[in-house]
Amino acid sequence: MFEFPLIRFDNRKWLEKLQEGDFYMRNCLYYQSLENDDEARNDPYDGSLPFADINGVMKQLSGKETKNQRLMLLDLFVKCFYCCDEADFVRISESMRKLMFSEKTKRAIREFNVGSAMLIFSPTQFIKQVESVCVSRKEPIAYDKVEYLDEKGYQCKRERLVDHPGECVRFPFYKDSRFSDQKEFRICVKHPLIQAEEQKSYLMLPKTIGNTPYSFDIGHIDDTCIVSIENLLRNGIILDYNSQHYYVCEE
């Protein structure tokens, strides 16, 4: 079955490890802590729900106020990909299409400040590969496209949460609309934060919790290709709709 690819942007050595099956993930807290340090990932509410009214509750618990007041899930680890769709391809002949990112998307990609990209041409098989390992390890997994929200969208989510508290499972897939050009697809795995058990307050979680990664082996990922980002942005890839094959331009 034909699919548009997923793309992971990173430095080549880490993409090669991923290609061999090293599925390395960061905690949601890690991305929320990048404020002012990373142009492409500096959303302090990444994977959470901004919620000003939580400040009073947190102050009662610890005597302190939160800097960025939000509701979030602590024990989720995240892997992020760019999710291509039809809008990313331009027609160059009756059956041929070429991957051509918009200028806004190119800027968003360059802001990641890494050198390479891994194209995953069979996303469904790849996700099943990750999911089967998580099931065998009895670790819950969720995956979906990120939902980009403006303030009105966030308000709707807060109002719905009152009557549908189960909606909190969607927190990892929320992100500010100013990052919408990243067109992110996320894989989230629930894994215990052992270090958090000793903490007496939600506000006293040590930085090591957000900085400590989690990884597991999913086996070699087939039907992939690693290219430099500049080659990808300059030359793109060719899609033959008739044969349903992709062709990567030589660097």
Side-chain angles (χ1 to χ4, degrees), residues 1-12 14-16 18-19 23 31 38-41 43 46-47 78-131 142-150 153 172-188 218 220-251:
M1 182 182 70
F2 166 73
E3 299 180 88
F4 290 110
L6 290 177
I7 305 177
R8 172 71 184 179
F9 300 107
D10 211 331
N11 291 316
R12 180 173 286 270
W14 303 123
L15 293 178
E16 289 175 348
L18 172 60
Q19 194 175 46
F23 203 73
Y31 296 103
D38 190 319
E39 287 289 332
R41 306 177 182 87
D43 179 7
D46 191 348
V78 178
K79 193 80 172 176
C80 310
F81 302 83
Y82 182 93
C83 185
C84 291
D85 58 28
E86 192 169 8
D88 293 314
F89 289 81
V90 297
R91 177 175 174 171
I92 58 176
S93 73
E94 185 65 28
S95 64
M96 296 291 189
R97 303 291 186 273
K98 186 176 182 179
L99 178 64
M100 292 288 289
F101 298 109
S102 69
E103 290 304 314
K104 287 183 64 178
T105 298
K106 286 181 180 180
R107 286 195 295 272
I109 292 171
R110 287 191 172 105
E111 283 177 353
F112 286 119
N113 197 29
V114 293
S116 299
M118 186 170 89
L119 295 102
I120 301 173
F121 296 112
S122 301
T124 298
Q125 178 57 41
F126 163 64
I127 294 166
K128 286 182 179 178
Q129 193 171 336
V130 179
E131 189 172 29
Y143 45 85
D144 204 348
K145 294 179 181 179
V146 164
E147 186 175 0
Y148 294 98
L149 302 170
D150 56 16
F173 302 102
Y174 295 160
K175 202 165 185 177
D176 193 290
S177 58
R178 62 195 171 99
F179 296 98
S180 60
D181 291 310
Q182 295 178 3
K183 296 172 71 170
E184 193 173 324
F185 179 90
R186 286 190 163 182
I187 298 177
C188 301
I218 63 171
H220 187 274
I221 305 172
D222 297 325
D223 203 13
T224 61
C225 179
I226 299 175
V227 298
S228 74
I229 283 180
E230 286 309 313
N231 177 52
L232 180 65
L233 298 184
R234 182 175 60 252
N235 299 321
I237 58 175
I238 304 298
L239 163 63
D240 185 337
Y241 262 95
N242 288 341
S243 65
Q244 297 188 352
H245 284 307
Y246 287 100
Y247 300 92
V248 180
C249 300
E250 293 290 338
E251 297 194 43

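Keep in mind that the numbers below use all heavy atoms, side chains included, and drop hydrogens, waters and symmetry copies. Please read all numbers here as calculations on a predicted model, not as lab measurements. We number each residue from 1, following the sequence as shown.
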So, do Phe126 and Tyr143 have ring centers that fall under 6.0 Å from each other?
no
Is the closest basic N to carboxylate O distance between Lys106 and Glu103 below 4.0 Å?
yes
Tightest non-hydrogen contact, residues Arg12 and Ser116, listed as CB-OG, 3.5 Å
Taking all heavy atoms of Phe173 and all of Asp144, pick out the closest pair and write down the distance.
CE2-N, 3.5 Å
Residues in ring pair (Phe, Tyr, Trp, His ring centres under 6.0 Å) with Phe23, at least two apart?
Phe216
Minimum heavy-atom distance His220-Gln129, with the two atoms named
O-NE2, 2.9 Å
Within the 4.5 Å heavy-atom criterion, are Asp88 and Phe4 side-chain neighbours or not?
no
Taking C-beta and beyond as the side chain, do Cys83 and Leu6 meet within less than 4.5 Å on heavy atoms?
yes
Here the gap from Leu233 atom CG to Met100 atom CE, rounded to the nearest 0.5 Å, amounts to 10.0 Å
For the pair Met96 and Ile238, evaluate side-chain contact (heavy atoms from CB on, under 4.5 Å) and give the outcome as yes or no after the intermediate values.
CA-CA 7 Å; Met96 296 291 189; Ile238 304 298; 3.8 Å; yes
Rounded to the nearest 0.5 Å, how far does CZ of Phe9 lie from CD1 of Ile229?
5.5 Å
Looking at OH of Tyr247 and CG of Leu99, how far apart are the two atoms once the value is rounded to the nearest 0.5 Å?
16.0 Å
Of all heavy-atom pairs linking Val227 and Asn231, the shortest is CB-ND2, 4.0 Å
How far does CD1 of Ile7 sit from SG of Cys80, to the nearest 0.5 angstrom?
14.0 Å
Could you tell me if the ring centre of Tyr82 sits under 6.0 Å from that of Phe112?
no
Knowing that exactly one of Asp223, Leu232, Ile226 qualifies, which makes a side chain to side chain contact (heavy atoms under 4.5 Å, CB included) with Leu119?
Leu232
Validation row: Gln125, Asp222 side chains within 4.5 angstrom (heavy atoms)
no
Could you walk me through whether Asp181 and Phe101 pass the side-chain contact (heavy atoms from CB on, under 4.5 Å) check?
CA-CA 10 Å; Asp181 291 310; Phe101 298 109; over 6 Å; no
For the residue pair Ser102 / Thr105, report whether a side-chain donor-acceptor contact shorter than 3.5 Å exists.
yes
Could you state the interatomic distance from SG (Cys84) to CG (Leu239), rounded to the nearest 0.5 Å?
10.5 Å
For Val146 and Gln182, what are the C-alpha separation, side-chain angles and deciding distance, and is it a side-chain contact (heavy atoms from CB on, under 4.5 Å)?
CA-CA 9 Å; Val146 164; Gln182 295 178 3; over 6 Å; no
Student check: side-chain heavy atoms of Lys79 and Cys188 closer than 4.5 Å:
no
For Asn235 against Lys98, the heavy-atom pair lying closest together:
O-CE, 2.7 Å
Answer yes or no: is there a side-chain heavy-atom contact under 4.5 Å between Lys128 and Thr124?
yes
How many angstroms lie between CG in Asp150 and CZ in Arg178, if you round to the nearest 0.5 Å?
13.0 Å
Is any side-chain heavy atom of Leu15 less than 4.5 Å from a side-chain heavy atom of Arg8?
yes
Kindly say whether Glu184 contributes a backbone atom to a donor-acceptor pair with the side chain of Tyr148 at under 3.5 angstrom?
yes
So, do Arg110 and Glu230 sit near enough that their side-chain heavy atoms are less than 4.5 Å apart?
yes
